[in-house]
Amino acid sequence: MSRPAQITILCEDLQTATFIRYFFMQRGWKGHDFRVLPLPGGTKSGEQYVREQFPRQIRAYRSRCNHISSIALVAAVDADTLSISKRRQQIESACSDSGIAPPAKSERILLVVPKRNIETWRVYLQGVTVNERDQYPKLRGRESECLTEAQRLHDMCLRNELVPVPPPSLETCCRDFERFWELIKPIAGR
């Protein structure tokens, strides 16, 4: 009998989902520990998809938490041209509009908000100075090529040093991840 996925991943695109999975795999998680929700398709934007799905996934997380204590939710939405705080406010408003309380710091829920998008982080992790207002190339059809960058971020997090000067959105995410890691470490058994 297979066990349920322990980390549900909700995000805008395959690149972000791949990067998140690779990052967690550096901490010892295995491929079967993840459930990546279907990616948006059609005419809906990725941001809109995550904003609409996030309250639903929080509801599902909370209902499952009562029965399964070894689950977590990781959601990622690009800040695009907005500030990180503005994008977070939009996501929290979507929760409120759905009658769902935003995630509490004590919950195993992580909201990742790269600015402009995950490609900014990838390029930074290649050793390039980045500007979060600029757009960087996507790895369309080659999303798995981000493994080296995910490993580099993991190593930097372990040393607690992002060098050279990291994008502010990545610094914010690393702080949030440390809180999240302390919550999921006991369920990870790692």
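Just so you know, these numbers use all the heavy atoms, side chains as well, and skip hydrogens, waters and symmetry mates. These numbers come from a predicted model, not from an experiment.
Side chain of Tyr61 to backbone of Thr8: no donor-acceptor contact under 3.5 angstrom is found. Under the 3.5 Å distance criterion, the side-chain polar atoms of Arg64 are left unmatched by any main-chain donor or acceptor of Ala72.
Ile20 and Leu183 are assigned to two separate hydrophobic clusters, defined by single-linkage of ILVMFWY side chains at heavy-atom distances under 4.5 Å. Transitive grouping of hydrophobic side chains (ILVMFWY, heavy atoms separated by less than 4.5 Å) keeps Tyr49 and Leu82 in distinct clusters. Transitive grouping of hydrophobic side chains (ILVMFWY, heavy atoms separated by less than 4.5 Å) brings Leu147 and Val123 into a common cluster. Note on Phe54: it does not cluster hydrophobically with Leu39, by side-chain heavy-atom contacts below 4.5 Å among ILVMFWY residues.
Taking the side-chain contact (heavy atoms from CB on, under 4.5 Å) definition, one finds that Arg142 meets it with Leu139, Glu145, sequence neighbours left out. Ser144 is linked by a side-chain hydrogen bond (donor to acceptor under 3.5 Å, both in side chains) to nothing, counting only residues two or more places apart in sequence or in another chain. Every residue two or more places apart in sequence or in another chain that forms a salt bridge (charged side-chain N to carboxylate O under 4.0 Å, His left out) with Arg51 is listed here: Glu47. In terms of the ring-ring contact (aromatic ring centres under 6.0 Å, His included) criterion, Phe180 has no residue partners (sequence neighbours excluded). Residues forming a salt bridge (charged side-chain N to carboxylate O under 4.0 Å, His left out) with Lys138 (at least two apart in sequence, or on another chain): Glu119. Here Arg88 pairs with Asp176 under the side-chain hydrogen bond (donor to acceptor under 3.5 Å, both in side chains) rule; sequence neighbours left out. For Glu107, the side-chain hydrogen bond (donor to acceptor under 3.5 Å, both in side chains) partners at least two apart in sequence or on another chain are Arg62.
Note that CZ of Arg108 and CD1 of Ile71 are 6.5 Å apart. Values are rounded to the nearest 0.5 Å. The distance from atom CD1 of Ile118 to atom CD of Glu143, rounded to the nearest 0.5 Å, is 12.5 Å. A distance of 11.5 Å separates OG of Ser70 from CD1 of Ile184, quoted to the nearest 0.5 Å. Taking CD1 from Ile7 and CZ from Phe34, the interatomic distance works out to 5.0 Å, rounded to the nearest 0.5 Å.
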Please tabulate, for side-chain N and O atoms in residues 92-105, each donor-acceptor pair with protein atoms closer than 3.5 Å (sequence neighbours left out).
{"unit_1": "Ser93", "atom_1": "OG", "unit_2": "Gln89", "atom_2": "O", "d": "3.0"}
{"unit_1": "Ser96", "atom_1": "OG", "unit_2": "Glu92", "atom_2": "O", "d": "3.3"}
{"unit_1": "Ser98", "atom_1": "OG", "unit_2": "Ala94", "atom_2": "O", "d": "3.0"}

Show me the donor-acceptor pairs within less than 3.5 Å that the side chains of residues 73-81 make with the rest of the protein, sequence neighbours left out.
{"unit_1": "Asp80", "atom_1": "OD2", "unit_2": "Arg87", "atom_2": "NH2", "d": "3.2"}

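Contact of the Pro166 side chain with the Val130 side chain is not registered, since no non-hydrogen atoms from C-beta on lie closer than 4.5 Å.
Evaluation of the side-chain hydrogen bond (donor to acceptor under 3.5 Å, both in side chains) test over residues 160-171, restricted to residues two or more places apart or in two chains, returns Trp121-Ser169, Glu132-Ser169, Arg159-Glu161. Sorted by first and then second residue, the side-chain hydrogen bond (donor to acceptor under 3.5 Å, both in side chains) pairs involving residues 148-158 (not counting sequence neighbours) are Arg27-His154, Gln126-Glu149. Counting only residues at least two apart or on different chains, the side-chain hydrogen bond (donor to acceptor under 3.5 Å, both in side chains) pairs with a member in residues 11-26 are Asp13-Thr16.
Here Tyr136 and Tyr124 keep their ring centres 6.0 angstrom or further from each other.
Put simply, the residue from Val112, Leu125, Leu14 that forms a side chain to side chain contact (heavy atoms under 4.5 Å, CB included) with Phe19 is Leu125.
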Discussion item. The test is salt bridge (Lys or Arg N to Asp or Glu O under 4.0 Å); show your working for Glu182 and Arg179 and say whether it passes.
Written reply: CA-CA 5 Å; Glu182 289 306 312; Arg179 173 204 55 85; over 6 Å; no
